[in-house]
Q: 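Supplied in structure tokens, the structure appears directly below.
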Amino acid sequence: MFRQNIMQAVLDAAVGQDKLDTNHLQAAVWVGDRLLFEGVGNRLQVGPIVTPRSLFRLASVSKPITALGVLRLVEKGTLRLDTPLSTYLPELPEPLKPLTCRQLLTHTSGLRHYENKAASDSATGQQRSCREALKIFASDPLIAAPGQKYHYSTHAFTLLGAVVEAVTGRPFFETQQELFLSLGLREMGFENLPRRPEESRATRRAPLYNVAGAEETKRQNLSWKWPGGGMESTAADLVSLFGKVLQGKVLKPAIWEQMQRRQPPPREPAPGDPTMGLGVFQQEGGLNHGGSQQGTSSFLLILPRTRTVAAVLCNTQGRKVSDLCRQLEKLSR
């Protein structure tokens, strides 16, 4: 309990610090086979308080979760990482047909990110599936030839979601939610599903702020990027998911090892290119992924050697929560 009290004190101190400057925080740490810590930080004079059951947007931390779904299909033999996507989606435009799932997972497909189209991408309205959302970017020219360069792309993960839909015959969000529920993770899910959400989920969503201390910002529809930035969860369910991965309850050891393994660099690497696993970044002896979008900053840290997972979620855009996440991980030792 002593360590947990120190972790909570760290969260309390972090809210409102000039360095972080956010209204609300949620964090959790998993060690070994159990949830060691979950806590929140609230700037009490701003907005409703959040609790450990409040739902936060995950932003790009959605990507490694999507990678798990893809690799489960690889494990079953339904998908192959290096098979051209035209095998699964023959209707793709010609430039996209030779792309592979490995290239999508490692941001070497040549697909664009938002570039100067962020406003128009997010204004496309409700999507019913990832295959429907392909129209947003599939006809745009590639930024580089497949495998040539590293170029971060959320749209690459929408295309992965479309591949999942093609081989399963079901909406991407259904197969992912089936995984979450099978693991007892009832708080992890998606925003803006094409059906009415449970009322309890809608009322537990943390408010969103683009500037700490300011008024809440309007929630943008995320259905155009469910696989790469449209999931929501509590911090506890997030670390529990990857804690169960470390326990071998999600992927078989050989596939989990593939996800962690350093992937081949692009043919034309550039200074500053990250070292990639499959859907995750490699750094400091572990795996991580961060995220930032409207009203959200997030960070996930996975340390397989110590079987530790830590996550910090906050509801203010553009905040560097990675340092806080690493601090909580160190306190868990």
Side-chain angles (χ1 to χ4, degrees), residues 1-44 46-62 64-65 185-189 204-209 212 231-246 280-281 283-284 286-293 295-303 306-333:
M1 185 60 69
F2 178 69
R3 282 185 299 179
Q4 287 88 333
N5 290 340
I6 293 177
M7 291 180 188
Q8 184 58 56
V10 168
L11 286 188
D12 291 338
V15 177
Q17 282 185 352
D18 290 341
K19 183 170 63 174
L20 197 54
D21 196 25
T22 186
N23 292 333
H24 306 98
L25 284 169
Q26 195 183 75
V29 180
W30 175 287
V31 178
D33 59 359
R34 68 187 181 96
L35 182 66
L36 176 72
F37 171 76
E38 60 177 331
V40 298
N42 285 290
R43 181 182 279 186
L44 294 178
V46 178
I49 64 169
V50 299
T51 74
R53 292 194 69 235
S54 296
L55 299 174
F56 281 71
R57 289 182 165 185
L58 297 184
S60 286
V61 172
S62 302
I65 302 173
L185 307 176
R186 305 192 67 85
E187 310 300 348
M188 185 169 284
R204 287 190 291 118
R205 285 178 175 141
L208 304 179
Y209 302 90
M231 299 185 199
E232 63 182 2
S233 180
T234 59
D237 265 18
L238 177 58
V239 300
S240 295
L241 171 61
F242 285 92
K244 292 174 189 293
V245 171
L246 293 175
V280 288
F281 298 101
Q283 190 178 20
E284 299 175 3
L287 310 171
N288 69 71
H289 210 296
S292 181
Q293 66 181 199
T296 305
S297 300
S298 56
F299 193 78
L300 170 70
L301 178 65
I302 307 166
L303 299 178
T306 59
R307 299 174 66 207
T308 303
V309 186
V312 174
L313 310 174
C314 86
N315 60 349
T316 309
Q317 184 172 7
R319 298 299 181 260
K320 186 181 179 183
V321 294
S322 56
D323 290 345
L324 176 60
C325 188
R326 291 189 174 96
Q327 184 179 3
L328 293 174
E329 182 277 321
K330 288 179 181 177
L331 289 171
S332 74
R333 299 175 188 175

Q: Please answer whether the main-chain N or O of Gly290 pairs with a side-chain N or O of Ser60 as donor and acceptor at a distance below 3.5 Å.
A: no

Q: For residues Val239 and Ala310, report the shortest heavy-atom separation together with the two atoms involved.
A: CG1-C, 3.8 Å

Q: Rounded to the nearest 0.5 Å, how far does SG of Cys314 lie from OH of Tyr209?
A: 12.0 Å

Q: For the pair His289 (side chain) and Leu301 (backbone), establish whether a donor and an acceptor sit closer than 3.5 Å, ignoring hydrogens and angles.
A: no

Q: Could you tell me whether a side-chain N or O of Thr316 sits under 3.5 Å from a main-chain N or O of Thr22, the two making a donor and an acceptor?
A: no

Q: Would you call Leu287 and Phe281 a side-chain contact if the rule is heavy atoms closer than 4.5 Å?
A: no

Q: In Å, rounded to the nearest 0.5 Å, how long is the span from CG of Leu58 to CE of Met231?
A: 7.5 Å

Q: Which atom names give the shortest non-hydrogen contact between Leu300 and Phe242, and what distance separates them?
A: CD2-CE1, 3.7 Å

Q: side-chain contact (heavy atoms from CB on, under 4.5 Å) for Met188 and Thr234? Distances and angles first, verdict last.
A: CA-CA 7 Å; Met188 185 169 284; Thr234 59; over 6 Å; no

Q: Would a 4.5 Å heavy-atom cut-off, applied to side chains only, mark Ser240 and Leu185 as touching?
A: yes

Q: side-chain contact (heavy atoms from CB on, under 4.5 Å) between Val29 and Glu329: does it pass, once the steps are laid out?
A: CA-CA 7 Å; Val29 180; Glu329 182 277 321; 5.8 Å; no

Q: If we only count heavy atoms from C-beta on, is the Leu313 to Leu25 side-chain gap below 4.5 Å?
A: no

Q: Step by step, work out the side-chain contact (heavy atoms from CB on, under 4.5 Å) result for Ile302 and Leu246.
A: CA-CA 9 Å; Ile302 307 166; Leu246 293 175; 4.3 Å; yes

Q: Would the distance check show the side chain of Asn23 and the main-chain N or O of Arg43 forming a donor-acceptor pair, the cut-off being under 3.5 Å?
A: no

Q: Could you walk me through whether Lys320 and Phe299 satisfy the side-chain contact (heavy atoms from CB on, under 4.5 Å) test, starting with their C-alpha distance in whole Å, then the side-chain angles of each, then the deciding distance to 0.1 Å, before giving a yes or no?
A: CA-CA 9 Å; Lys320 186 181 179 183; Phe299 193 78; over 6 Å; no

Q: Spell out, as yes or no, whether a donor-acceptor pair under 3.5 Å connects the side chain of Ser54 to the backbone of Ala206.
A: no

Q: What closest approach, in Å, do Ser292 and Gly318 show between heavy atoms, and which atom pair accounts for it?
A: OG-N, 3.2 Å

Q: Short question: side chain of Arg204, backbone of Arg53 - any donor-acceptor pair under 3.5 Å?
A: yes

Q: Does Val312 offer a backbone N or O that forms a donor-acceptor pair with the side chain of Gln26 under 3.5 Å?
A: no

Q: With a 4.5 Å cut-off on side-chain heavy atoms, are Phe37 and Gln8 touching?
A: yes

Q: Quick check: does any side chain N or O of Asp237 sit under 3.5 Å from a backbone N or O of Glu187, one acting as donor and the other as acceptor?
A: yes

Q: Heavy atoms, side chains only, cut-off 4.5 Å: are Val31 and Thr306 in contact?
A: no

Q: Shortest non-hydrogen contact from Glu232 to Leu55?
A: OE2-CD1, 3.9 Å

Q: Determine whether a donor-acceptor pair (N or O, by modelled atom type, separation under 3.5 Å) exists between the side chain of Gln4 and the backbone of Leu36.
A: yes

Q: What distance separates Leu208 CG from Gln293 CD, expressed to the nearest 0.5 Å?
A: 8.5 Å

Q: Are Met7 and Ser332 packed together at the side-chain level, in the sense that at least one heavy-atom pair is separated by less than 4.5 angstrom?
A: yes

Q: Does any N or O in the side chain of Asn42 come within less than 3.5 Å of the main-chain N or O of His24, such that one atom is a donor and the other an acceptor?
A: no

Q: Working to the nearest 0.5 Å, report the span between CZ of Arg205 and CZ of Arg57.
A: 8.5 Å

Q: Can you check whether Arg326 reaches Asn288 side chain to side chain, under 4.5 Å on heavy atoms?
A: yes

Q: Identify the heavy atoms of Val50 and Gly41 that sit nearest to each other, and give their distance.
A: CG2-O, 4.3 Å

Q: Side chains of Val61 and Leu238: does their closest heavy-atom pair fall under 4.5 Å?
A: yes

Q: For Ala59 and Ser298, work out which heavy atoms get closest and say how close.
A: CB-OG, 4.0 Å

Q: Roughly how far, to the nearest 0.5 Å, is CH2 of Trp30 from NZ of Lys244?
A: 5.0 Å

